[in-house]
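What follows is a set of notes on a single structure, which appears directly below.
In what follows, chains carry the letters A, B, and so on, assigned in the order in which the sequence lines appear, proteins first and then strands, with residues in each chain numbered from 1.
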There are 2 protein chains.
Amino acid sequence: MELRTLRYFVAVAEELHFGRAAARLHMSQPPLSRAIKRLEADVGALLLARSPAGVTLTPVGRVLLDEARALLDRADLVRDRVSAAAGPATLTVGILGDGTDPGISALAAAHRRGRPGIDIRVRDTDLTDPTCGLRAGLVDVALTRGPFDETALTVRVLRTDPVGAVLRADDPLARRARLRLAELSDRRWFRFPPGTDPAWQSYWHGGSAREGPVVRAVQECLQAVLWNGTVGLAPLGHEPPAELAVVPLVDMAPSRVVAVWNEGDTNPLIRSFVETATAVYRR
Amino acid sequence: MELRTLRYFVAVAEELHFGRAAARLHMSQPPLSRAIKRLEADVGALLLARSPAGVTLTPVGRVLLDEARALLDRADLVRDRVSAAAGPATLTVGILGDGTDPGISALAAAHRRGRPGIDIRVRDTDLTDPTCGLRAGLVDVALTRGPFDETALTVRVLRTDPVGAVLRADDPLARRARLRLAELSDRRWFRFPPGTDPAWQSYWHGGSAREGPVVRAVQECLQAVLWNGTVGLAPLGHEPPAELAVVPLVDMAPSRVVAVWNEGDTNPLIRSFVETATAVYRR
DNA sequence: CGACGCCGATACCCCGTGGGTATCGTTGCA
DNA sequence: TGCAACGATACCCACGGGGTATCGGCGTCG
């Protein structure tokens with residue numbers, strides 16, 4: 001008789017309809033049926049009378065509905081009290097590059113919702129440090145992209161995006177369905193400043209020879225493409241501005257969106273945040 | 001934050017020692033450590049201060065300990081109230097052969113403990129019906145041994161016992177460490193009355209040719225061996241009476257202890273009983 | 001002062017369960 | 001009598017909770 005199961009039961013008992021209850025619980029109907037059946041075996045009594053006409057509560061079910069509601073309320077209270085006792089905690093999350101990934105604010109909101117009383121501070125950094133100041137201790141967790149030097153860091157992959165070349169919309173190659181890196185080797189490529197993580201650096205400059213301007217932020221990259229005739233790389237999936245085009249590259253390893261934290265950091269908020277991040281990115 | 005996890009936490013918080021808490025919870029220490037760590041991530045705060053000197057509750061841990069105890073008490077109350085609402089229910093359990101298996105009474109007690117208010121009625125039957133009257137509806141669930149005709153029955157295996165030959169202690173073969181069925185083929189074997197389940201019948205009479213007396217109960221089997229010079233089979237594991245010896249048989253399929261109920265019987269008490277039976281027999 | 005022992009953490013494996021999709025069976029209704 | 005609705009069933013996959021083996025840190029003791 002776990003709390004989750006009781007939440008399921010309350011949902012069914014309130015909807016009096018397995019399908020609707022399943023929808024409300026964001027799951028499908030069969031596992032819900034099974035869970036209720038297990039609960040019935042557990043308490044040793046039928047809780048719901050199923051008939052094609054509809055679902056009804058049995059007398060025992062009615063009792064359990066009241067009791068379960070009370071217990072679940074109580075459980076929420078426990079959460080709140082513990083949160084209150086824990087006091088205001090802050091978690092500093094580092095994100096990369098001008099907050100361009102629209103998912104991140106949603107994620108912060110989701111985490112805040114599930115865990116009120118925790119102050120999430122977002123630190124938006126430029127592209128020169130893919131770990132967003134993790135090593136310097138400026139940040140507890142980083143939501144960022146690979147690849148970078150991972151020593152002494154723990155990495156959790158959230159998603160992988162294929163990568164495309166960013167070109168001016170009027171570039172002759174912009175209409176191509178896909179490209180190979182070699183076709184762009186004669187272009188100028190922007191670089192990151194010296195001292196930038198080598199793995200990161202070499203990934204994003206596409207391995208080409210002709211160096212271009214040094215950039216630090218997403219906006220600078222776009223400007224460089226627009227005005228300097230350079231080429232850049234970008235993960236697919238975001239709609240590019242009208243003046244630009246992103247053409248998939250067939251021979252470029254996909255870019256991984258990751259959550260990273262310092263290895264051995266025992267702050268439980270990190271684990272918790274990473275879990276919700278994983279959940280949010282999964283769907 | 002499920003109830004099970006909270007029970008774990010309470011155990012650790014009371015023992016202030018992961019190893020002892022794990023023992024109390026009948027589990028090993030690593031999963032317990034992990035569960036507590038998950039709980040800490042879940043509530044977003046450290047609950048226990050681990051130092052080699054020992055484990056201490058953090059302030060947040062102290063709050064959660066109180067809250068968790070209250071919640072768990074409340075959950076027990078829910079159980080009780082639902083049981084009370086369900087009213088007195090009875091479950092008739094059939095067991096085979098003079099209640100000789102010492103585990104069964106313990107199991108009935110365990111089930112009664114976990115589920116007060118349910119009247120467990122044990123029906124002890126003779127050896128002529130391995131299903132203990134399940135088909136006749138005399139019994140809701142049978143704790144018995146295979147093999148038997150399983151059509152329209154659902155079977156859950158609880159344990160398997162190797163089988164030995166039951167001999168008089170002064171029998172020349174009684175001192176042997178193990179035997180083969182062929183070495184006993186010239187003995188008289190007892191039979192069950194006509195009409196007994198064929199699979200059951202043929203299993204226990206060892207496939208030999210010389211027929212012996214007809215028996216119905218365990219006591220009769222023993223008497224037959226003692227006075228009639230017959231041979232019988234018995235699962236190993238029980239200590240035989242002094243005048244008898246049980247010698248392992250190498251070429252006899254082991255005997256399965258099973259819980260059986262009528263296929264499609266939706267009585268939730270059956271499921272519940274079978275679960276505790278599985279748990280009890282597992283250790 | 002080094003070897004040992006205690007104890008929680010970590011690594012790794014395996015099975016059970018919780019989730020999913022596809023399909024069935026029953027029943028009320030058109 | 002065919003159909004639509006809906007819960008049950010069958011099956012599959014992945015994660016989590018359980019296990020064992022081992023590590024690492026820190027006291028203790030010879």
Side-chain angles (χ1 to χ4, degrees), chain A residues 1-9 11-13 15-42 46-58 61 154 156-157 263-268 271 274-275 278-279 282-283, chain B residues 1-9 11-13 15-42 46-58 61 154 156-158 263-266 268 271 274-275 278-279 282-283:
Chain A
M1 205 189 65
E2 292 300 309
L3 295 177
R4 176 159 32 110
T5 318
L6 291 179
R7 283 195 197 93
Y8 289 179
F9 171 69
V12 179
E15 300 285 344
L16 291 177
H17 187 291
F18 279 75
R20 277 197 299 275
R24 182 171 130 185
L25 294 164
H26 304 109
M27 64 191 290
S28 61
Q29 170 256 323
L32 180 58
S33 288
R34 199 176 44 185
I36 299 295
K37 181 160 285 194
R38 284 230 177 97
L39 178 63
E40 289 177 320
D42 182 38
L46 283 177
L47 301 169
L48 297 162
R50 290 89 154 164
S51 84
V55 176
T56 336
L57 279 171
T58 64
T154 310
R156 166 88 141 256
V157 178
E263 193 176 293
D265 190 334
T266 59
N267 184 344
R271 257 338 210 5
V274 172
E275 289 310 318
T278 316
R282 183 149 41 210
R283 48 165 188 74
Chain B
M1 206 190 63
E2 292 300 309
L3 294 177
R4 177 158 31 109
T5 318
L6 291 179
R7 280 192 200 97
Y8 290 179
F9 171 70
V12 178
E15 300 284 345
L16 291 177
H17 187 290
F18 279 75
R20 278 197 298 276
R24 182 171 131 185
L25 295 163
H26 302 110
M27 65 191 291
S28 62
Q29 169 257 322
L32 180 59
S33 288
R34 197 177 45 186
I36 299 295
K37 182 160 284 193
R38 283 230 179 98
L39 178 62
E40 288 177 321
D42 182 37
L46 283 177
L47 300 170
L48 297 162
R50 289 88 153 165
S51 85
V55 176
T56 335
L57 278 171
T58 64
T154 310
R156 166 87 142 259
V157 178
L158 301 175
E263 194 175 293
D265 189 334
T266 59
R271 255 345 211 0
V274 172
E275 290 310 319
T278 316
R282 183 148 41 209
R283 49 169 184 71

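Every side-chain contact (heavy atoms from CB on, under 4.5 Å) that A:Ala13 has, sequence neighbours left out, goes to A:Phe9, A:Leu57, A:Leu65. Taking the side-chain hydrogen bond (donor to acceptor under 3.5 Å, both in side chains) definition, one finds that B:Thr5 meets it with nothing, sequence neighbours left out. For the side-chain contact (heavy atoms from CB on, under 4.5 Å) test, residues two or more places apart in sequence or in another chain that qualify with A:Ser28 are A:Pro30, A:Pro31. By the salt bridge (charged side-chain N to carboxylate O under 4.0 Å, His left out) test, A:Arg34 pairs with no residue at all, sequence neighbours left out. With sequence neighbours left out, the side-chain hydrogen bond (donor to acceptor under 3.5 Å, both in side chains) criterion links A:Arg50 to A:Glu40.
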Could you run down the sub-3.5 Å N/O contacts of the protein with nucleotides 5-8 of chain C?
| residue | atom | partner | partner atom | Å |
| --- | --- | --- | --- | --- |
| C:dC7 | OP1 | B:His17 | NE2 | 3.4 |
| C:dG8 | OP1 | B:Phe18 | N | 3.3 |
| C:dG8 | OP2 | B:Phe18 | N | 3.3 |
| C:dG8 | OP2 | B:Gly19 | N | 3.1 |

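Between the CG atom of A:Leu25 and the C1' atom of C:dG20 there is a distance of 15 Å, rounded to whole Å. In this entry the distance linking CG of B:Asp42 with P of D:dG17 reads 11 Å, nearest Å. In this structure, A:Leu48 places its CG atom 16 Å from P of D:dC6, rounding to the nearest Å. B:Arg7 has its CZ atom 16 Å from the C1' atom of D:dG17, to the nearest Å. The interatomic distance linking A:Ile36 (CD1) with D:dT9 (C1') rounds to 17 Å, in whole Å. Per the geometry, CG belonging to B:Leu39 stands 13 Å off P belonging to C:dA9, to the nearest Å. Atom pair B:Met27:CE and C:dC14:P shows a separation of 20 Å (rounding to whole Å applied). Atom C1' of nucleotide C:dT17 and atom CG of A:Leu32 are separated by 15 Å, given to the nearest angstrom.
Across B:Leu32 and B:Ala21, no two heavy atoms sit closer than the pair CD2-CB, 3.9 Å. Between B:Glu2 and A:Arg4, the closest heavy-atom pair is OE1-N, 3.0 Å.
Applying the 4.0 Å criterion to OP1 and OP2 of D:dG7, one finds that A:Lys37 has every side-chain N and O outside that range. For the pair A:Arg38 and C:dG19, the criterion of a side-chain N or O lying under 4.0 Å from OP1 or OP2 is not met.
Heavy-atom nearest nucleotides on DNA chain C were determined for A:Ser28 and for B:Pro31, and the one closer to the 5' end corresponds to B:Pro31.
Judged by distance alone with a 3.5 Å cut-off, no donor-acceptor contact links the side chain of A:Arg34 to the base of C:dG20.
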